[in-house]
Trainee: 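Take this structure first; my questions come after.
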Amino acid sequence: MQQTVASPAIDFQTETYKDAYSRINAIVIEGEQEAYENYIQLAQLLPEQKEELIRLSKMESRHKKGFEACGRNLEVTPDMEFAKEFFAQLHQNFKDAYGEGKVVTCLLIQSLIIECFAIAAYNIYIPCADPFARKITEGVVKDEYTHLNFGEVWLKEHFEASKAELEEANRQNLPIVWKMLNQVEDDARVLGMEKEALVEDFMISYGEALGNIGFTSRELMRLSAHGLAA
Ligand code: Y39
Ligand code: FE
Ligand code: FE
Ligand code: FE
């Protein structure tokens with residue numbers, strides 16, 4: 001949002017840049033892999049939307065391939081162990097919800113929280129990315145809006161019945177996002193991405209999504225505050 005001015009030239013070949021990239025690139029690759037799995041599981045929970053969800057899962061696996069190519073292009077080896085650890089809590093919460101058949105929680109985690117996180121990160125990354133990664137990321141971020149929209153539409157249609165579970169899932173999972181952001185703040189800055197900008201873009205997308213599915217602005221404030229409190 002706020003990075004409309006081209007950033008000063010970044011040297012994509014320094015050890016500092018490549019070291020930070022080995023973690024951020026891994027996070028994105030792992031995130032896309034988990035998103036792929038999550039949409040396949042959502043397809044099991046929502047048989048009526050199965051075809052569409054399988055289509056979304058395939059988009060996620062294409063994204064993963066794209067970002068793997070970005071790492072190879074910079075001759076960076078992604079630190080996948082770091083990335084698995086990074087996603088572990090959200091991943092576990094998704095798995096637990098899936099095990100209990102809690103489709104609303106699964107949708108909140110993947111289609112709202114993770115998609116909004118991706119949208120914020122990719123939009124902030126694009127202006128400061130190397131030319132190869134920029135092209136790839138521009139294509140990917142368009143798809144992420146489609147994924148967010150899927151969650152919004154379903155949750156809007158089932159709003160009254162989902163409200164309580166959404167509140168609970170928000171309270172459990174939003175604080176995890178802030179922890180994740182704190183963990184990558186330094187690496188993100190090396191790539192030209194400021195944490196403040198990431199938080200702002202995330203909250204704009206997430207708040208808009210919650211508004212679209214039916215929460216009032218007063219409720220939005222409360223949901224956002226719950227995230228911060230825990
Ligand atoms: O739906 C998706 O494709 C999301 C899985 C991808 C996750 C992206 C996570 C981005 C976090 C990057 C943090 C960099 C500051
Ligand atoms: Fe897994
Ligand atoms: Fe994706
Ligand atoms: Fe996605």
Side-chain angles (χ1 to χ4, degrees), residues 1 3 17 19-43 52-71 76 78-80 82-91 93-94 106-129 133 136-154 173 176-203 205-206 209:
M1 281 270 164
Q3 297 193 344
Y17 189 90
D19 176 59
Y21 205 82
S22 72
R23 286 177 295 278
I24 303 281
N25 183 234
I27 285 169
V28 167
I29 291 167
E30 176 66 19
E32 297 294 352
Q33 172 63 31
E34 292 188 15
Y36 163 78
E37 294 166 17
N38 291 348
Y39 280 111
I40 289 178
Q41 299 207 301
L42 277 163
E52 188 174 359
L53 286 161
I54 295 298
R55 197 171 61 83
L56 302 189
S57 80
K58 286 181 180 153
M59 293 160 93
E60 303 295 18
S61 79
R62 273 199 302 277
H63 297 168
K64 179 188 172 189
K65 293 201 179 84
F67 290 125
E68 285 171 336
C70 294
V76 166
D79 184 346
M80 298 311 296
F82 174 84
K84 284 203 171 72
E85 194 56 41
F86 180 80
F87 275 107
Q89 264 189 299
L90 271 190
H91 191 52
N93 287 355
F94 184 97
C106 288
L107 282 172
L108 179 115
I109 293 173
Q110 175 58 49
S111 298
L112 302 188
I113 288 187
I114 298 181
E115 297 296 351
C116 287
F117 195 18
I119 286 168
Y122 297 162
N123 278 327
I124 302 288
Y125 176 54
I126 285 167
C128 48
I136 303 253
T137 310
E138 281 168 347
V140 168
V141 74
K142 290 193 191 110
D143 289 346
E144 308 302 2
Y145 286 103
T146 307
H147 304 168
L148 171 60
N149 186 256
F150 177 89
E152 286 176 350
V153 168
W154 194 95
N173 292 287
I176 299 174
V177 174
W178 302 137
K179 268 200 254 173
M180 292 164 83
L181 267 170
N182 287 336
Q183 269 182 58
V184 286
E185 177 178 3
D186 294 343
D187 288 330
R189 192 180 307 106
V190 171
L191 270 54
M193 306 158 78
E194 290 298 332
K195 183 187 162 190
E196 264 179 58
L198 291 163
V199 169
E200 183 177 325
D201 266 33
F202 174 84
M203 279 319 292
S205 298
Y206 189 60

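Everything quoted here is computed from the prediction, not taken from an experiment. Remember, it's 1-based here, ligands and their atoms both numbered in the order they're listed.
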Trainee: Quick one: CD on E196 to CG on D201, what's the gap to the nearest 0.5 Å?
Mentor: 12.0 Å
Trainee: Please assess E37 against Q33 for the test side-chain hydrogen bond (donor to acceptor under 3.5 Å, both in side chains), listing each intermediate value before the final yes or no.
Mentor: CA-CA 6 Å; E37 294 166 17; Q33 172 63 31; 2.8 Å; yes
Trainee: Check ligand 1 against E115 and write out every atom of the ligand that is under 4.0 Å from a heavy-atom position of the residue.
Mentor: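 Numbered from 1, ligand 1 contributes 1 (O), 2 (C).
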Trainee: Can you list the ligand 1 atoms lying under 4.0 Å from a non-hydrogen atom of Q110?
Mentor: 1 (O)
Trainee: Which atoms of ligand 1 are found less than 4.0 Å from any heavy atom of E144?
Mentor: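 Here the atoms of ligand 1 in question are 1 (O), 2 (C), 3 (O).
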Trainee: May I ask whether Y125 places a heavy atom under 4.0 Å from ligand 1?
Mentor: no
Trainee: I'd like to know: is the Fe ion (ligand 3) within the 2.8 Å range of an N/O/S atom from E32, strictly under that distance?
Mentor: yes
Trainee: Rounded at 0.5 Å granularity, tell me how far CD1 in I113 sits from OH in Y206.
Mentor: 4.0 Å
Trainee: So, N123 side chain and I119 main chain: donor-acceptor pair closer than 3.5 Å or not?
Mentor: yes
Trainee: To the nearest 0.5 angstrom, please state how far the CD atom of E152 sits from the CG atom of L107.
Mentor: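 It comes to 11.5 Å.
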Trainee: Check E144 and report its N/O/S atom nearest to the Fe ion (ligand 4), by atom name.
Mentor: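 The Fe ion (ligand 4) is closest to the E144 atom OE1, counting only N, O or S.
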Trainee: Would you please classify the geometry between the F202 ring and the W178 ring as parallel, tilted or perpendicular, with 30° and 60° separating the classes?
Mentor: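 W178 and F202: perpendicular rings.
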Trainee: What protein heavy atom sits nearest atom 8 (C) of ligand 1, and how far off is it?
Mentor: Y122 OH, 3.5 Å
Trainee: Can you tell me how far CD1 of I114 sits from NE2 of H91, rounded to the nearest 0.5 angstrom?
Mentor: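 Nearest 0.5 Å value for the NE2-CD1 distance: 9.5 Å.
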Trainee: Quick test: of every protein heavy atom, which one is nearest to atom 9 (C) of ligand 1, and how far off is it to 0.1 Å?
Mentor: F87 CZ, 4.1 Å
Trainee: Quick check on contacts: which atoms of ligand 1 are under 4.0 angstrom from a heavy atom of I114?
Mentor: 4 (C), 5 (C)
Trainee: Any idea which protein heavy atom is nearest atom 5 (C) of ligand 1, and the distance to it?
Mentor: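 I find the closest protein heavy atom is G31 O, 3.1 Å.
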Trainee: What part of E34, side chain, backbone, both or neither, has a heavy atom within less than 4.0 angstrom of ligand 1?
Mentor: neither
Trainee: Heavy-atom pairs closer than 4.0 Å: do any link ligand 1 to the side chain of M180, the backbone, both, or neither?
Mentor: neither
Trainee: Got the closest protein heavy atom to atom 10 (C) of ligand 1, with its distance?
Mentor: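 Minimum-distance protein heavy atom for atom 10 (C) of ligand 1 reads A121 CB, 4.1 Å.
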Trainee: For the OH atom on Y36, are there more than 12 heavy atoms of other groups (residues, nucleotides or ligands in this structure) within a distance under 6.0 Å?
Mentor: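 Not buried by this count: 12 neighbours or fewer within 6.0 Å.
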Trainee: Short check: any N/O/S atom of H147 below 2.8 Å from the Fe ion (ligand 4)?
Mentor: yes
Trainee: One pair to check against salt bridge (charged side-chain N to carboxylate O under 4.0 Å, His left out): R189 and E185. What are the steps and the verdict?
Mentor: CA-CA 6 Å; R189 192 180 307 106; E185 177 178 3; 3.1 Å; yes
Trainee: If you count every heavy atom of other residues, nucleotides or ligands that lies below 6.0 Å from E138 atom CD, does the total exceed 12?
Mentor: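 Buried by this count: over 12 neighbours within 6.0 Å.
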Trainee: So which N/O/S atom does H63 have closest to the Fe ion (ligand 3)?
Mentor: ND1
Trainee: Using the ring centroid of each side chain, check whether F67 and Y122 are separated by less than 6.0 Å.
Mentor: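 Close enough - the centres of the two rings lie under 6.0 Å apart.
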Trainee: Side chain or backbone, does E32 bring an N or O within less than 3.5 Å of an N or O on ligand 1?
Mentor: yes
Trainee: Looking at E60, pick out the N, O or S atom nearest to the Fe ion (ligand 4) and give its name.
Mentor: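 Looking at E60, the N, O or S atom with the least distance to the Fe ion (ligand 4) is OE2.
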Trainee: Can you list the atoms of ligand 1 that are under 4.0 Å from a heavy atom of E60?
Mentor: 1 (O), 2 (C), 3 (O)
Trainee: Regarding E115, does it place an N, O or S atom less than 2.8 Å from the Fe ion (ligand 4)?
Mentor: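 E115 does place an N, O or S atom closer than 2.8 Å to the Fe ion (ligand 4).
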Trainee: Quick one: pull up CG in L53 and NE2 in H147 and give me the separation to the nearest 0.5 Å.
Mentor: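 Atom-to-atom, L53:CG and H147:NE2 are 10.0 Å apart.
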